[in-house]
Amino acid sequence: MKIGIVCYPTFGGSGVVATELGIALAKKGHKVHFITYSQPTRLDFFNKNLFYHQVEVPSYPLFQYPPYELALASQLVTVIKNESLDLLHVHYAIPHASAAYLAKQILRSEGMDIPVITTLHGTDITLVGKDASYEPVVTFSINQSDGVTAVSENLREDTYSHFKISKDIQVIPNFIDLQRFKRQKKDHFKKAIAPEGEKLIVHTSNFRKVKRVEDVVKVFHNIRQHLSARLLLVGDGPERNHIENLCKELGSCDDVRFLGKLEAVEEVLSVSDLFLIPSEKESFGLAALEAMACEVPVISSNTGGLPELMVDGKTGFVCRVGDIEDMTTKALTVLSDDHLPSFKAHALARAQEFDVERILPIYEDFYNKILEQATKPIS
Ligand code: GMT
């Protein structure tokens with residue numbers, strides 16, 4: 001198949017899933033064309049089946065806001081025609097689904113049909129998408145897609161409750177490359193970061209408010225009252241300064257390390273004992289899945305798709321959003337030497353259920369179903 005993929009190319013769950021999906025499809029022999037404004041972060045190697053087409057947005061003094069969506073739609077038309085793509089898969093509804101719709105209509109006016117699949121990832125529905133500034137366009141472009149997927153049951157339900165959707169939405173969960181995300185021996189790193197055998201707690205995110213990184217720091221502060229531990233914070237974003245100030249206030253700065261945006265996050269996970277993800281909203285929780293694949297148990301909030309991913313009491317614990325006390329108690333249970341090995345084993349076993357080898361065929365079947373439904377060419 002010749003597949004076009006549109007996504008946000010920078011750090012962020014939806015871009016990571018889109019890129020990993022494209023890579024996995026290319027390894028199976030499909031030709032995959034990424035169409036984005038910059039090279040996707042994880043697309044940093046050569047594969048004869050992978051292609052990248054940049055979207056240029058020319059600036060003009062009149063434009064206070066350069067019209068990215070129009071430039072994207074134009075580039076989609078060009079690439080779909082030049083490369084004779086079979087289908088277009090857009091990740092994150094805003095503005096990708098509406099740009100895809102526009103491209104589809106342009107091609108239709110020239111007698112071509114391109115099936116469009118939209119994958120909903122989370123904040124495109126739960127935060128930004130339902131804002132009145134975007135809602136009509138999001139509803140319309142989801143309904144106009146030939147196929148729609150969501151990354152969890154919860155996101156599917158949220159989409160139906162926030163928008164008037166007439167389309168079937170198929171749930172296809174996030175997946176993991178277990179060849180890359182596995183516990184590696186990193187003794188030198190562990191020794192450097194936890195010389196006295198301190199327990200290592202980790203959190204990775206884009207430090208947006210929705211991630212409640214503040215709760216991570218508070219839970220860590222409580223854990224430290226009971227045992228020696230270090231906190232590793234991976235990622236960066238708008239809340240970073242606030243979090244540094246909170247560490248100062250709580251007097252825990254010496255034991256908190258801000259590692260910034262790291263590509264090889266699996267190396268940090270490989271030395272970690274516990275992952276914290278206390279988000280306000282989290283449609284799936286790819287970061288938690290990555291941790292589990294590296295045998296790191298997880299304490300999560302009970303929001304969105306997290307309860308679908310977690311096995312409460314086995315892979316870690318699911319706690320109410322903002323319940324710092326419960327998270328602390330459960331974290332101490334997980335970290336106890338008697339329990340930790342069993343939590344680690346369950347985390348890995350659960351992650352294996354989301355192996356890319358299992359999820360990729362679900363996407364391929366979905367593509368085939370949508371292609372079969374499409375009528376080509378239009379008369
Ligand atoms: O987690 C983020 O804030 C980034 C965001 C994105 O769209 O790039 O991630 C969303 O998509 C991921 C991949 O499907 C999911 O695993 C995340 O749970 C989801 N984030 C939220 O719902 C907040």
Side-chain angles (χ1 to χ4, degrees), residues 5-24 34 36-38 40-42 89-97 117-131 134 138 148-159 162 169-177 181 203-213 215-216 233-240 261 265 275-293 298 300-310 318 321 350-351 354 356 359-360 362-363:
I5 291 187
V6 179
C7 64
Y8 282 104
T10 47
F11 289 88
S14 60
V16 168
V17 168
T19 311
E20 294 292 348
L21 176 62
I23 292 170
F34 285 90
T36 68
Y37 57 81
S38 72
T41 317
R42 292 193 181 181
H89 187 175
V90 304
H91 292 257
Y92 207 90
I94 306 168
H96 301 149
I117 291 172
T118 299
T119 289
L120 309 172
H121 280 274
T123 49
D124 47 351
I125 296 301
T126 56
L127 278 181
V128 203
K130 66 182 188 195
D131 189 288
Y134 298 114
V138 172
V148 184
T149 77
V151 297
S152 65
E153 269 312 324
N154 181 270
L155 183 59
R156 178 177 185 272
E157 291 317 310
D158 264 2
T159 309
H162 295 317
I169 301 177
Q170 174 158 344
V171 174
I172 307 183
N174 285 178
F175 52 82
I176 189 89
D177 176 359
F181 284 90
H203 169 80
T204 69
S205 77
N206 47 21
F207 283 58
R208 283 187 281 151
K209 257 200 170 350
V210 69
K211 299 292 176 179
R212 295 184 71 102
V213 189
D215 291 3
V216 171
L233 292 173
V234 181
D236 208 344
E239 289 291 291
R240 158 95 187 240
K261 288 181 183 173
V265 65
F275 186 86
L276 298 178
I277 179 164
S279 311
E280 185 83 37
K281 289 185 190 301
E282 199 66 65
S283 65
F284 180 88
L286 180 62
L289 175 59
E290 292 179 343
M292 286 155 69
V298 174
S300 82
S301 55
N302 61 352
T303 191
L306 285 168
E308 294 171 44
L309 169 64
M310 297 277 295
V318 180
V321 174
R350 180 67 177 146
F354 297 88
V356 62
I359 308 298
L360 187 67
I362 306 177
Y363 270 114

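Order of appearance sets the numbers: ligands from 1, and atoms from 1 within every ligand.
Here Tyr8 has no heavy atoms under 4.0 Å from ligand 1, in either its backbone or its side chain. Within the 4.0 Å heavy-atom criterion, both parts of Leu286, backbone and side chain, lie near ligand 1. Here Lys281 has backbone heavy atoms under 4.0 Å from ligand 1, and that is the only part of it that gets that close.
Separation of the His121 and Phe284 ring centroids does not fall under the 6.0 Å cut-off.
Here is the list of ligand 1 atoms found below 4.0 Å of a heavy atom in Thr123: 23 (C). Of all atoms in ligand 1, numbered sequentially from 1 with element shown, those under 4.0 Å from a heavy atom of Asn206 are 2 (C), 3 (O), 4 (C). Within ligand 1, the atoms closer than 4.0 Å to a non-hydrogen atom of Phe284 are 16 (O), 18 (O), numbered from 1 in the order shown. Each of the following atoms of ligand 1 lies closer than 4.0 Å to a heavy atom of Tyr92: 7 (O). Below 4.0 Å from some heavy atom of Val17 lie the following atoms of ligand 1, by number and element: 13 (C).
The closest approach between Gly285 and ligand 1 falls below 4.0 Å for a heavy atom of the residue.
Between Tyr92 and Tyr8, the ring planes are perpendicular. Angles over 60° get that label, and only those under 30° would be called parallel.
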Distance-only donor-acceptor hits, side chain of residues 300-309, under 3.5 Å, sequence neighbours excluded:
{"residue": "Ser301", "atom": "OG", "partner": "Ser279", "partner atom": "N", "Å": "3.4"}
{"residue": "Ser301", "atom": "OG", "partner": "Ser279", "partner atom": "O", "Å": "2.7"}
{"residue": "Asn302", "atom": "OD1", "partner": "Val321", "partner atom": "N", "Å": "3.4"}
{"residue": "Thr303", "atom": "OG1", "partner": "Glu280", "partner atom": "O", "Å": "2.8"}
{"residue": "Glu308", "atom": "OE1", "partner": "Glu153", "partner atom": "N", "Å": "2.9"}
{"residue": "Glu308", "atom": "OE2", "partner": "Glu153", "partner atom": "N", "Å": "3.4"}
{"residue": "Glu308", "atom": "OE2", "partner": "Asn154", "partner atom": "N", "Å": "2.8"}

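Summarising the contacts of atom 17 (C) of ligand 1 with His121, Glu280, Glu282, Lys211, the nearest heavy atom is found in Glu282. Selection from Asp158, Asn174, Leu127, Val151 by nearest heavy atom to atom 15 (C) of ligand 1 gives Asn174. When Ala150, Gly13, Ser283 are ranked by how near their heavy atoms come to atom 19 (C) of ligand 1, first place goes to Ser283.
Minimum interatomic distance between Phe354 and Asn174 (heavy atoms only, all atoms of both residues): CD2-O, 3.5 Å. Closest heavy-atom contact between Ala150 and Arg156: CB-N, 4.0 Å. The two residues Ala351 and Ile176 have their closest heavy-atom pair at O-CG2, 3.8 Å. The minimum heavy-atom distance linking His96 with Cys7 is given by the pair CE1-C, 3.5 Å.
Below 3.5 Å of separation, one finds no N or O of Gly122 facing any N or O of ligand 1. Checking only distances, Thr126 never comes within under 3.5 Å of ligand 1, N or O to N or O.
A distance-only check finds a donor-acceptor pair linking the side chain of Asp124 to the backbone of Gly122 [under 3.5 Å].
Arg42 is linked by a salt bridge (Lys or Arg N to Asp or Glu O under 4.0 Å) to Glu20, Glu290, counting only residues two or more places apart in sequence or in another chain.
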